[in-house]
Amino acid sequence: MNLDAQTIESQHDFRKVNPLEKLKVNGELIAAIVSGVFILFGWLLEKNSMESASVVLFLLAFVIGGFAKAKEGLEETIKHKKLNVELLMILAAVGSAIIGYWTEGAILIFIFALSGALETYTMNKSRKEISSLMDIQPEEAWLWMDGEIKRVHVSELDVGDLILIKPGERVPSDGKVVRGNTTLDEAAITGESLPVSKGIQDEIYAGTLNINGSITVRVTKHNDETLFQKIIQLVQSAQSEKSPSQLFIERFEGKYVKAVLIVVFLMMFMPHYTFGWSWNETFYRAMILLVVASPCALVASIMPATLSAISNGAKKGILFKGGNHLEQLGHIKAIAFDKTGTLTKGQPEVANFIIREGQDSDEVLLKVASIEKHSNHPLANAIVNYTQNKITAPLIDLETVEDVAGRGIKAVINDESWKIGKEDFVEISEYDQFLTESAKELANEGKTIVYVQKDDKLAAVIALKDMARQESLKAVDQLKKQGLFTVMLTGDNEKTAKVIASESHVQDFIANCLPENKVAQLKKLQEKYGSVAMVGDGINDAPALAASNVGISVGDGTDVALETADMILMKNDLLRIPEAIKLSKRMDRIIKQNIFFSIIVIALLILSNFSQVIDLPLGVIGHEGSTILVILNSLRLLK
């Protein structure tokens with residue numbers, strides 16, 4: 001029973017489904033039910049000795065219930081030039097009718113149609129996340145034009161346009177806030193349930209909900225390039241791509257069907273001459289074999305499970321580019337992490353502020369931040385942010401500040417001469433021994449040191465570092481509990497890498513690792529551990545992401561990283577990785593359960609038929625019932 005992933009409509013807009021389309025979507029289920037009703041009335045007529053009328057109803061049940069599957073089977077056979085399960089079922093039903101078992105043949109068609117409807121339901125259910133996303137996609141936006149706002153379709157927006165987003169409206173396009181403050185509900189994109197505050201220069205994403213403030217936003221991406229659209233495209237692509245297990249089953253199906261037909265043909269004659277069976281019994285047993293040997297349940301063991309797992313992941317902000325990547329994830333033995341922006345926050349923060357004895361800490365910090373606000377250097381920005389979070393007093397307005405490129409910055413405040421920068425930029429005297437020793441200790445911890453000089457003496461030293469994400473530490477710990485070896489790849493020197501690796505809880509690190517070296521180091525890991533995943537977010541991670549068995553990127557990573565990765569975390573939360581691995585292993589268990597169960601049922605039914613223990617009705621129920629059970633088992637992955 002083939003669940004053809006190509007029937008997934010790549011650009012179907014679920015918001016505009018009309019009654020006729022709904023009828024088409026539910027057509028298989030309706031046909032199965034109507035077929036069942038005709039079978040019931042036909043059975044009642046047969047019991048009341050009205051056999052001619054009952055045959056008419058059974059024929060209607062055959063046509064209504066079996067038309068879709070017969071058409072599908074014939075089209076697939078002609079298109080791919082190979083036999084399939086659908087043809088086996090139709091042949092079995094027709095054969096049952098030929099030998100006078102109209103009721104059994106009709107029931108076979110009914111259950112076959114019902115299980116097909118259930119497969120379609122699984123496919124539609126797996127697309128639910130796409131439809132729910134499309135439901136929230138705005139179609140229009142308020143565009144600022146010549147000082148006035150005009151309502152336009154989102155397809156008319158261009159990069160650089162200014163749009164107004166009012167409270168309660170959905171964000172129509174990706175962009176940056178240029179005016180106003182608000183709170184956004186980003187659950188549909190990142191999976192994060194808590195609202196997020198947004199101010200000037202903050203990025204916002206299409207499809208998120210503006211809760212309380214009116215903001216003006218500058219569009220940064222075209223409508224078809226937004227993160228929102230990427231999510232939809234990724235999930236659709238994943239649903240249409242088949243896993244290696246699914247491809248194997250489909251190749252196996254064609255050969256198996258041929259083998260069954262050959263055995264059934266032989267069974268029509270050999271038992272009569274070999275065991276002395278009557279011709280009626282011989283043909284009857286051949287038809288039962290045709291029913292019970294059909295691999296419907298086996299064929300349905302994988303695709304519904306894969307689609308359900310992909311849908312489950314999308315709901316949690318974990319996007320897979322295909323079932324093969326989801327399947328592979330559960331087999332990885334080691335996982336490599338980029339450092340900056342992945343294990344760490346990707347931006348420096350003040351870790352230590354040490355002041356000369358006798359100085360006022362807040363006063364020195366305020367003056368340092370007042371000078372540093374005139375610099376665009378990331379370290380300067382970190383010091384300013386640290387100060388503003390620690391001190392409520394406003395920064396001092398300075399008229400003249402001199403920026404010495406590559407070394408530091410200096411200024412004069414109330415006749416005091418201040419220098420802030422590298423060690424060779426300031427003048428260190430014998431009285432600064434305590435601060436210089438403290439600076440060396442902090443530098444040995446992998447921190448970047450900024451020296452602060454007031455007049456002719458050091459006033460303070462500031463240690464900054466790229467801090468590890470707390471959720472990353474928890475994720476690494478969980479991955480280690482799952483039996484994975486964890487390693488960090490970084491371009492930092494040995495000393496800094498060792499400190500960050502220890503703080504991140506990874507088991508090993510590779511320092512001085514340039515982008516071109518990452519691929520070589522990853523291949524060494526693959527030689528040692530077999531299947532290895534790579535987690536990164538930058539352009540320099542793209543080659544390693546491509547070389548890994550499973551490349552994992554985060555939603556706010558670079559476009560190149562997103563394109564190269566096999567799996568994307570919509571929220572920059574590495575805790576999703578252990579969840580994804582659990583989902584992959586759970587899918588693998590359910591698929592194995594389905595395959596094992598399917599093979600056992602087929603084997604038992606075939607043996608029972610040769611032993612003349614089972615009759616056609618029980619064969620039909622056993623075979624088609626196992627198919628339905630397999631699909632229901634797969635649906636457990638939706639939760």
Side-chain angles (χ1 to χ4, degrees), residues 178 181 197 199-202 340 344-468 492-493 495-496 499-500 503:
V178 296
N181 294 279
S197 297
I200 293 175
Q201 290 305 305
D202 284 339
T340 306
T344 64
K345 296 179 181 179
Q347 53 190 16
E349 293 183 11
V350 174
N352 305 90
F353 177 65
I354 302 175
I355 193 166
R356 174 187 288 278
E357 187 177 350
Q359 298 284 320
D360 184 294
S361 175
D362 286 356
E363 181 186 350
V364 172
L365 190 58
L366 187 65
K367 289 180 179 178
V368 170
S370 299
I371 298 169
E372 291 284 36
K373 77 173 183 179
H374 292 272
S375 171
N376 288 323
H377 195 282
L379 296 180
N381 294 334
I383 293 170
V384 172
N385 292 335
Y386 173 77
T387 304
Q388 291 177 330
N389 290 330
K390 190 174 173 49
I391 303 173
T392 56
L395 298 180
I396 303 168
D397 289 327
L398 303 177
E399 292 184 5
T400 57
V401 174
E402 184 182 348
D403 193 349
V404 181
R407 298 185 67 199
I409 191 169
K410 57 185 180 179
V412 176
I413 304 176
N414 298 331
D415 296 326
E416 296 172 345
S417 178
W418 290 81
K419 282 186 176 181
I420 306 167
K422 295 180 177 180
E423 184 178 5
D424 61 359
F425 182 61
V426 299
E427 299 164 11
I428 298 174
S429 68
E430 58 185 271
Y431 303 105
D432 301 324
Q433 185 177 359
F434 170 74
L435 287 177
T436 54
E437 287 181 355
S438 298
K440 288 178 182 177
E441 290 177 6
L442 294 170
N444 287 333
E445 294 175 8
K447 298 172 183 175
T448 301
I449 308 300
V450 173
Y451 293 83
V452 179
Q453 179 181 325
K454 176 186 173 183
D455 293 330
D456 58 349
K457 295 180 182 178
L458 283 185
V461 291
I462 304 172
L464 302 96
K465 68 178 298 187
D466 187 3
M467 308 294 279
D492 288 337
N493 59 54
K495 188 184 296 181
T496 301
V499 173
I500 297 296
E503 292 179 354

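No hydrogens, no waters, no symmetry mates; every other heavy atom, side chains included, goes into these values. As the structure is a computational prediction, the values presented were derived from the model and not from experiment.
Side-chain contact between Ile420 and Ile462 is absent, with no heavy-atom pair separated by less than 4.5 Å. Two residues are said to be in side-chain contact when any heavy atoms from C-beta on lie closer than 4.5 Å; Leu366 and Leu395 meet this criterion. Taking the side chain as every heavy atom from C-beta outward, Ile355 and Leu365 never approach each other to under 4.5 Å. Using a 4.5 Å cut-off on side-chain heavy atoms (C-beta onward), Tyr451 and Gln453 make no contact. Two residues are said to be in side-chain contact when any heavy atoms from C-beta on lie closer than 4.5 Å; Ile354 and Phe434 meet this criterion. When side chains are defined from C-beta on, Glu423 does not count as touching Ile449, because their heavy atoms never get closer than 4.5 Å. You'll find the side chain of Asp466 stays beyond 4.5 Å of the side chain of Pro348, heavy atoms only. Proximity of Val499 to Lys465: side-chain heavy atoms (C-beta onward) are separated by under 4.5 Å at one or more points.
Across Ile409 and Ser375, no two heavy atoms sit closer than the pair CD1-CB, 4.2 Å. Of all heavy-atom pairs between Ala382 and Leu464, the closest is CB-CD2, 3.7 Å. Counting all heavy atoms, side chain and backbone alike, Ser370 lies closest to Leu398 at O-CD1, 3.7 Å. The two residues Ala459 and Leu435 make their nearest non-hydrogen contact at C-CD1, 4.1 Å. Closest non-hydrogen pair, His374 versus Val401, comes out as CD2-CG2, 3.6 Å. When all heavy atoms of Ala460 and Phe353 are compared, the closest pair comes out as CB-CE1, 3.9 Å.
With rounding to the nearest 0.5 Å, the separation of NZ in Lys345 from CE in Met467 is 6.5 Å. Atom CG of Asp456 is separated from atom NZ of Lys419 by 11.0 Å, given to the nearest 0.5 angstrom. Between atom CD1 of residue Ile500 and atom OG1 of residue Thr344 there is a gap of 6.5 Å, rounded to the nearest 0.5 Å. Rounded to the nearest 0.5 angstrom, Lys447 NZ and Glu441 CD are separated by 10.5 Å.
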Discussion item. Side chain to side chain contact (heavy atoms under 4.5 Å, CB included) for Asp397 and Lys373? Distances and angles first, verdict last.
Written reply: CA-CA 10 Å; Asp397 289 327; Lys373 77 173 183 179; 3.6 Å; yes
Worksheet entry | Residues Val350, Thr387; criterion side chain to side chain contact (heavy atoms under 4.5 Å, CB included); working and verdict | CA-CA 9 Å; Val350 174; Thr387 304; over 6 Å; no
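Salt bridge Lys454/Glu363: absent, no basic N to carboxylate O contact under 4.0 Å.
Under a 3.5 Å cut-off, the side chain of Asn414 and the backbone N or O of Glu416 do not form any donor-acceptor pair.
Not counting sequence neighbours, the partners of Gln433 by the side chain to side chain donor-acceptor pair (under 3.5 Å) test are Glu437.
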